[in-house]
Amino acid sequence: MSAKQSATKGPQEPLAAGTEVTYLEAIRQGILREMDGSPEVFLIGEDIGTYGGAFRLTAGFLERYGAERVIDTPISESGFVGCAIGAAMMGMRPVVEMQFIDFIACAFNQIVNFAAKNHYRWGQAVPMVIRGPSGGNVHGSAFHSQNPEGYFLHAPGIKIVAPATVEDAFGLIRSAIRDPNPVLFFEHKYLYRRIKGTLPEGEGLVPIGRARVVREGTDLSVITYAAMLHTALEAAERLAAEEGIEIEVIDLRTLKPLDDETLVASVKKTGRALVLTEEQKTGSVAGEVAARIAENCFAWLDGPVQRFCCPDTPVPYSPPLEEHYRPNVERLCERIKRLANY
Amino acid sequence: MSAKQSATKGPQEPLAAGTEVTYLEAIRQGILREMDGSPEVFLIGEDIGTYGGAFRLTAGFLERYGAERVIDTPISESGFVGCAIGAAMMGMRPVVEMQFIDFIACAFNQIVNFAAKNHYRWGQAVPMVIRGPSGGNVHGSAFHSQNPEGYFLHAPGIKIVAPATVEDAFGLIRSAIRDPNPVLFFEHKYLYRRIKGTLPEGEGLVPIGRARVVREGTDLSVITYAAMLHTALEAAERLAAEEGIEIEVIDLRTLKPLDDETLVASVKKTGRALVLTEEQKTGSVAGEVAARIAENCFAWLDGPVQRFCCPDTPVPYSPPLEEHYRPNVERLCERIKRLANY
Amino acid sequence: MSRSPQDFGLLHPTVEPAAEAEKSVPSAPEPAPEPVAMKATGEVKPEASDEVQSLAETSLGQREQLLLYRFMLLNRSVEDRLSSLYRQNKVVGGLYGSRGQEAVSVGSAFALEPQDFIGPLIRNLGAMLVRGVEPREVFTQYMARGTSPTGGKDCNLHFGDVRRGMIAPISMLGALIPVMAGVALAGQQQGRNLVAMTWIGDGGTSTGDFHEGLNLAAVLNLPLVVIAEHNGYAYSTPTSMQMRIENIADRAVGYGIPGSILDGNDVLAVHGGVKRAVDRARAGGGPSLVEVKTFRMKGHAEHDDAGYVPAELLAEWAKRDPIERFEDHLLANDLASPDDLAAIAATIRESLDIEVDFALASEMPPAERSLEGVYAEAPPEVAVPWRAVR
Amino acid sequence: MSRSPQDFGLLHPTVEPAAEAEKSVPSAPEPAPEPVAMKATGEVKPEASDEVQSLAETSLGQREQLLLYRFMLLNRSVEDRLSSLYRQNKVVGGLYGSRGQEAVSVGSAFALEPQDFIGPLIRNLGAMLVRGVEPREVFTQYMARGTSPTGGKDCNLHFGDVRRGMIAPISMLGALIPVMAGVALAGQQQGRNLVAMTWIGDGGTSTGDFHEGLNLAAVLNLPLVVIAEHNGYAYSTPTSMQMRIENIADRAVGYGIPGSILDGNDVLAVHGGVKRAVDRARAGGGPSLVEVKTFRMKGHAEHDDAGYVPAELLAEWAKRDPIERFEDHLLANDLASPDDLAAIAATIRESLDIEVDFALASEMPPAERSLEGVYAEAPPEVAVPWRAVR
Ligand SMILES: Cc1ncc(C[n+]2csc(CCOP(=O)(O)OP(=O)(O)O)c2C)c(N)n1
Ligand SMILES: Cc1ncc(C[n+]2csc(CCOP(=O)(O)OP(=O)(O)O)c2C)c(N)n1
Ligand SMILES: [Mg+2]
Ligand SMILES: [Mg+2]
């Protein structure tokens with residue numbers, strides 16, 4: 001498909017509605033439209049210009065928008081996140097790329113102490129996006145596979161978004177760029193070129209703060225996001241076929257602020273909840289979700305709220321280790337069966 | 001009391017067992033004993049030598065141990081935490097002071113990516129302590145009042161300790177220094193000079209990883225730590241006297257790894273759990289605790305696991321704002337009554 | 001270039017000295033005033049990598065010099081009031097001052113244009129006053145009142161106002177430098193022809209963000225002026241334990257940007273030297289690092305008796321008090337009479353009585369306010385029309 | 001100073017050239033060998049703040065020079081094997097090489113003593129080999145095998161071994177510098193008389209940790225040598241977009257430490273210049289920043305075709321290939337015959353066959369290992385007896 005080929009190199013044009021694209025292309029298309037529409041939007045990060053980004057997500061952007069809107073930086077995550085904060089306060093809409101999301105740790109102070117607290121402290125909005133490839137399953141080892149959402153969940157003033165589908169990737173990056181707050185946009189690198197979807201008619205905006213019921217079910221709610229959504233859906237199909245268990249699958253999409261309403265409605269309906277995430281279990285988003293369900297759905301629960309996450313270890317490198325570390329469909333089905341029969 | 005006076009200035013001698021001391025003095029005494037006992041232990045941080053630290057916790061240490069073991073640094077949290085990591089790998093036992101714990105955000109990458117993951121990655125232990133004043137209630141505003149434990153809870157390889165009593169402060173700082181892993185030791189600055197206790201006979205070590213049942217009760221478990229322990233105990237006394245409700249109060253003491261055993265045993269006994277912490281609620285340690293209880297005690301629960309925390313805002317400055325923001329005895333009693341009557 | 005207080009929406013009206021009554025329209029430049037010499041008393045020595053500003057000349061005329069004087073005196077007077085409020089337990093939390101450093105904040109901020117931005121730190125009250133901050137804003141902040149610029153949410157000088165070109169810092173030192181680089185970048189992108197200015201202590205130059213921010217600004221050639229306040233100490237840590245160099249300006253070498261050293265207790269030298277950096281930035285010459293040599297004449301904060309500072313050093317620097325020196329200069333050069341200066345002091349005194357009373361009479365904020373405003377509902381407005389960015 | 005492979009527990013035995021059969025006891029210094037001149041081909045120019053090493057002299061004798069040669073060739077040969085394993089899909093994840101930069105890693109690590117410590121980055125395989133890393137350790141790491149030094153837990157060169165004086169980096173650039181400063185500090189505290197050495201790319205010098213680490217080391221006067229590998233690019237970013245200066249060595253000025261510039265493609269120049277920094281550090285002279293000018297002859301990683309690097313630049317630097325240059329030198333100065341060099345190459349080839357086979361024959365690690373070892377049960381042993389620290 002020629003549209004898709006142009007996606008990996010050369011200057012970019014917006015692709016037509018209806019075009020089939022990858023998750024990565026959807027993000028690129030979303031940014032492209034926002035940049036076309038708003039001169040305030042600019043990109044900043046390492047190797048995003050000439051090179052087009054480590055994953056080539058911004059290939060062609062430099063040619064299209066010029067060096068004033070596609071800024072290659074020195075290796076200084078704290079520096080360029082700070083720079084984006086300053087520009088955002090001036091009314092610009094910076095979109096910061098972390099080459100790998102793991103490097104966000106180097107900008108932690110700027111994010112949680114400067115960007116996140118600014119509006120509360122003195123009323124000045126900081127509309128910016130920090131995006132980058134997160135997640136594992138690519139044997140990237142401890143520093144190229146992390147899911148840092150758990151670290152930032154605790155920072156008041158931050159929003160966190162983690163799309164699982166092509167449509168959401170497109171609609172959420174656009175909403176993130178338009179949001180007047182600092183938004184962390186965690187892309188899952190395993191999904192970049194592995195899933196496809198269709199570019200919508202119209203703006204295709206997806207609201208921040210709303211979860212989505214991806215599959216309706218009656219027996220148990222699986223709450224998840226990002227790459228694990230696909231694991232959940234596979235398990236749901238298998239369990240429906242093999243065991244007649246009907247799973248409701250919820251894609252959180254936004255991790256902060258959480259969409260309590262959708263969660264609670266689902267769990268009240270099914271009476272059972274399993275939170276599935278790729279995070280290390282302790283201190284995870286999954287823990288926060290589980291705690292909320294436990295608090296808000298107590299009278300409706302027919303079994304304990306369970307979490308299925310990675311264990312509390314760094315992400316291991318070697319394939320057998322990483323496979324053992326990650327939740328997979330088999331083990332998920334087992335857990336669900338146990339909980340469904342609780 | 002002359003022993004206590006010497007505590008705030010001049011060279012330090014270990015105080016005798018049985019001496020009544022403040023929480024701050026207990027930490028100093030613990031460090032002093034470890035430094036006397038182990039030449040590997042050294043201190044590093046800002047203004048800890050000549051000045052004796054912003055809270056004078058290390059006053060007199062420079063004179064006693066010399067500049068090689070009490071190292072004043074430039075303002076570079078990432079730099080001196082990194083430096084401590086390197087020294088720790090060499091078999092030293094650095095104790096790093098954050099002048100205020102809020103500044104730990106500047107060393108986030110070194111802590112979660114270097115120190116925490118090192119042993120898992122290549123087998124090299126990193127025995128070090130990072131300690132400093134945390135917590136609010138002193139009108140210190142957004143950057144001198146934080147409880148950062150929620151940020152670090154998610155980092156495999158880290159231990160987190162937060163003592164609430166003089167005895168635990170003494171015993172836990174000693175255990176933290178002896179632990180072969182990176183330990184974050186969060187002192188509560190509100191307690192520094194407000195609570196007293198007695199220096200124990202012997203080493204007085206308190207094991208890391210063990211919670212403590214501070215008050216036995218039958219009706220409801222309040223799980224808490226640090227300054228909020230005292231709020232919980234006050235509420236427990238009041239409710240016992242006024243309502244005949246018997247609260248079991250658990251002091252977590254170690255936040256990572258959590259002592260599931262003690263928690264679970266208590267909640268199985270009381271059937272009701274309220275987690276009380278000074279953190280902002282979302283992404284908190286309280287959430288992790290609640291999720292664990294919900295998962296492990298489901299069949300024993302007579303009411304939802306509840307959290308009583310600060311709201312999801314930065315720490316506000318002005319006294320009425322901060323008082324409104326923090327859990328207090330009155331509101332805690334109300335919550336407990338409601339849950340007890342669930 | 002002529003400045004008028006209205007350029008910045010300055011100051012409580014009652015403190016305007018009589019001489020200031022007829023003001024020039026901001027956009028109508030006056031003929032360049034006669035340079036007025038000031039006696040050099042600073043001991044600043046040239047170093048290989050530095051340029052030293054001559055203290056013997058200034059582009060500022062009488063009116064501007066009197067403004068400088070008034071801002072310095074106002075700076076000190078506000079802080080003196082705060083000290084006494086502190087002793088009366090009216091200040092909530094710590095109190096930080098800039099005694100002895102007034103020439104730095106005032107002289108440097110005075111080199112800016114209305115469209116420029118500052119990112120002041122805790123010791124840059126003078127710069128904020130120059131930008132039009134009213135003393136009552138500072139008093140209410142320190143006293144945690146509901147009428148404060150942050151409504152009681154944040155403390156001391158931690159407030160900003162983009163309409164007055166002012167970004168609030170966070171406590172973490174260094175963090176503001178990349179942020180001000182971003183302000184400069186946005187100014188460039190938006191065609192606003194602005195300069196961003198910020199300050200950093202000797203201690204703050206040790207932070208990673210100082211390095212990342214300055215390096216980024218240098219590479220992107222941003223109009224950023226960073227003023228390093230070399231005041232002898234970082235809390236209790238002398239500069240010799242903060243860095244292995246004598247002159248912070250030497251750090252400019254590593255960024256390929258101009259570094260200069262100024263006598264920080266000479267407000268004309270500060271203004272002149274900083275003005276050069278500002279002009280260069282505005283002309284597209286990129287960032288500068290301007291070191292000012294000065295001294296912190298009190299403790300780190302009001303609670304700190306600074307017992308670690310040798311008395312001789314304090315005595316030595318007391319002789320170079322920037323306000324007294326400037327008074328001498330004004331008098332010696334017939335720019336003001338003793339009565340003129342007394343009149344300025346009197347109007348400041350009177351106005352501060354009013355400002356303090358306002359703050360004291362203000363209520364604490366309503367408790368529920370603590371829950372408001374975590375998220376913004378609307379983005380900041382872009383202050384100027386866009387130029388085409390492509 | 002004479003070195004022997006056993007000093008570092010070096011290398012697979014089969015690659016020892018015959019000339020290396022009788023080895024000196026590590027503690028028995030040999031008489032200083034004749035300096036052997038190498039033809040200077042580097043274009044490195046002196047700058048105000050720099051000292052330029054003469055390329056025309058070395059303290060190393062024939063045996064050491066042959067060792068340098070062997071390590072450089074081994075460095076390249078291991079990487080060539082890795083490239084072909086990568087093409088065969090045997091490498092798990094990315095592959096990073098140091099083609100063209102072998103003289104940097106080898107020449108600098110060769111200036112160390114057995115008690116010293118290195119903190120290598122991804123392009124410092126040569127330094128690790130000098131410290132005694134066996135090629136099989138590298139192959140098994142890149143192939144994620146259970147026999148790898150990390151048991152499959154971490155990738156590529158991310159492994160360390162304090163017994164061989166080697167600290168593993170994390171991916172976050174810059175972070176290793178303060179950590180190596182800490183190694184140097186501990187060495188001082190423990191009276192171990194050691195020097196800590198680490199490397200950083202041109203790009204890595206932009207990080208806050210570079211600044212904080214070097215500044216801290218300077219203030220504490222720690223025996224740390226930081227080698228800045230100026231290799232033209234940081235991933236796709238040319239140095240001109242990373243910093244506004246020509247010479248990274250200029251950054252030393254801001255820390256008050258010596259900065260020097262070396263021809264990074266001349267192993268003798270690297271060794272000589274670094275040795276000076278090492279000697280200074282060991283003698284109590286504190287840290288140094290040593291810039292080596294070199295060039296990254298392949299992409300950032302194996303997947304990167306480096307289309308952004310001008311072909312002429314590559315061609316220019318190809319002429320300065322550090323291994324070929326050193327071969328010319330060895331031959332021209334009768335330090336080796338073509339047969340000698342061929343024999344070294346042959347032994348390397350043979351040994352690498354064995355090493356690769358070992359790695360290929362190794363199993364993947366058992367899955368459950370992923371759960372082990374998050375926490376340490378015991379602290380690291382202190383390697384040397386204590387001196388009194390009080
Ligand atoms: C990152 C960081 N670490 C520590 C502190 C605590 N602290 C506040 S002010 C100060 C000293 C600042 O010294 P300097 O930068 O020289 O400024 P001065 O106070 O002299 O104006 C310190 C250590 C801080 N604010 N930020
Ligand atoms: C803090 C941080 N940000 C980004 C990266 C991603 N990254 C890996 S290598 C690299 C380029 C490094 O360039 P340089 O320091 O010059 O070393 P070289 O590769 O040229 O040896 C980048 C940006 C990283 N490893 N660490
Ligand atoms: Mg200072
Ligand atoms: Mg490079």
Side-chain angles (χ1 to χ4, degrees), chain A residues 9 45-56 59 62 67 71-82 98-100 102-110 136 138-146 280 282 310-326 328, chain D residues 91-94 140-146 148 150-156 158 169-175 200-211 233-239 241-244 300-301 303-304 306-308 363-375:
Chain A
K9 49 176 139 11
E46 292 154 4
D47 304 295
I48 60 171
T50 315
Y51 194 64
F55 288 86
R56 305 294 174 128
L62 176 63
I71 303 176
D72 273 331
T73 64
I75 303 176
S76 44
E77 280 75 10
S78 189
F80 61 76
V81 167
M98 292 286 149
Q99 196 159 83
F100 282 83
D102 309 69
F103 305 132
I104 200 171
C106 300
F108 188 77
N109 179 55
Q110 287 284 357
V138 299
H139 313 314
S141 186
F143 305 119
H144 291 73
S145 308
Q146 292 182 69
Q280 290 129 18
T282 296
C310 297
D312 287 341
T313 77
V315 187
Y317 161 58
S318 188
L321 304 186
E322 191 178 12
E323 275 148 32
H324 189 65
Y325 160 91
R326 297 171 55 78
N328 63 18
Chain D
V91 167
V92 177
T140 50
Q141 277 283 116
Y142 266 112
M143 290 158 67
R145 304 298 161 123
S148 82
T150 64
K153 282 191 186 157
D154 211 338
C155 56
N156 54 52
H158 281 189
I170 62 172
S171 289
M172 290 70 191
L173 293 168
I200 186 81
D202 38 294
T205 70
S206 302
T207 61
D209 269 8
F210 170 84
H211 179 72
Y233 286 84
Y235 210 148
S236 73
T237 306
T239 310
M241 291 172 70
Q242 196 71 236
M243 62 190 78
R244 199 171 160 149
H300 170 63
H303 70 264
D304 169 20
Y308 48 83
E363 304 277 314
M364 285 289 171
E368 311 72 42
R369 186 179 289 167
S370 73
L371 301 175
E372 297 163 8
V374 173
Y375 288 115

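Chain letters run A, B, ... following the sequence lines, proteins first, then strands; residues in each count from 1.
Summarising the geometry, atom CD belonging to A:Glu322 is positioned 10.0 Å from atom OG belonging to D:Ser370; distances are rounded to the nearest 0.5 Å. In this structure, D:Leu371 CG and A:His324 NE2 are separated by 4.5 Å, a value rounded to the nearest 0.5 Å. Here the OG-CG distance, from A:Ser76 to D:Leu173, works out to 11.5 Å after rounding to the nearest 0.5 Å. Here the straight-line distance linking atom OG of A:Ser318 with atom CZ of D:Arg145 works out to 8.0 Å at 0.5 Å rounding. Taken from OG in D:Ser206 to CD in A:Glu46, the straight-line distance is 9.0 Å, to the nearest 0.5 Å. With values rounded to the nearest 0.5 angstrom, A:Phe143 atom CZ is found 9.0 Å from D:Cys155 atom SG.
For the side chain to side chain contact (heavy atoms under 4.5 Å, CB included) test, residues two or more places apart in sequence or in another chain that qualify with A:Asp102 are A:Phe100, A:Gln146, D:Met172.
Nearest approach of A:Leu321 to D:Gly151, heavy atoms of both residues: CD1-O, 4.0 Å. For A:Tyr317 against D:Gln141, the heavy-atom pair with the smallest separation is CE2-O, 3.2 Å. Summarising the geometry of A:Pro74 relative to D:Gln242, their closest heavy-atom pair is CA-OE1, 2.9 Å, with the distance given to 0.1 Å. The heavy-atom pair separating D:Ala367 from A:Pro320 by the smallest distance is CB-O, 3.8 Å. Across every non-hydrogen atom of A:Ile75 and D:Gly204, the tightest pair is CD1-N, 4.0 Å.
Of the atoms belonging to A:Ala105, not a single heavy atom falls under 4.5 Å from chain D. For chain A, no part of D:Asp202 is nearby; none of its heavy atoms comes within less than 4.5 Å. Contact annotation for D:Tyr233: neither backbone nor side-chain heavy atoms come within less than 4.5 Å of a heavy atom of chain A. If you measure heavy-atom distances from A:Thr313 to chain D, the contacts under 4.5 Å come from both the backbone and the side chain. Residue contact with chain A, scored on non-hydrogen atoms closer than 4.5 Å, is absent for D:His300.
Comparing A:Pro319, A:Pro311, A:Cys106 by how many heavy-atom pairs each has under 4.5 Å with chain D, the most go to A:Pro319. When the candidates D:Asn156, D:Thr150, D:Asp154, D:Thr237 are compared by the number of heavy-atom contacts under 4.5 Å with chain A, D:Asp154 comes out ahead.
Not one N or O on the side chain of A:Asp47 forms a donor-acceptor pair closer than 3.5 Å with the backbone of D:Tyr235.
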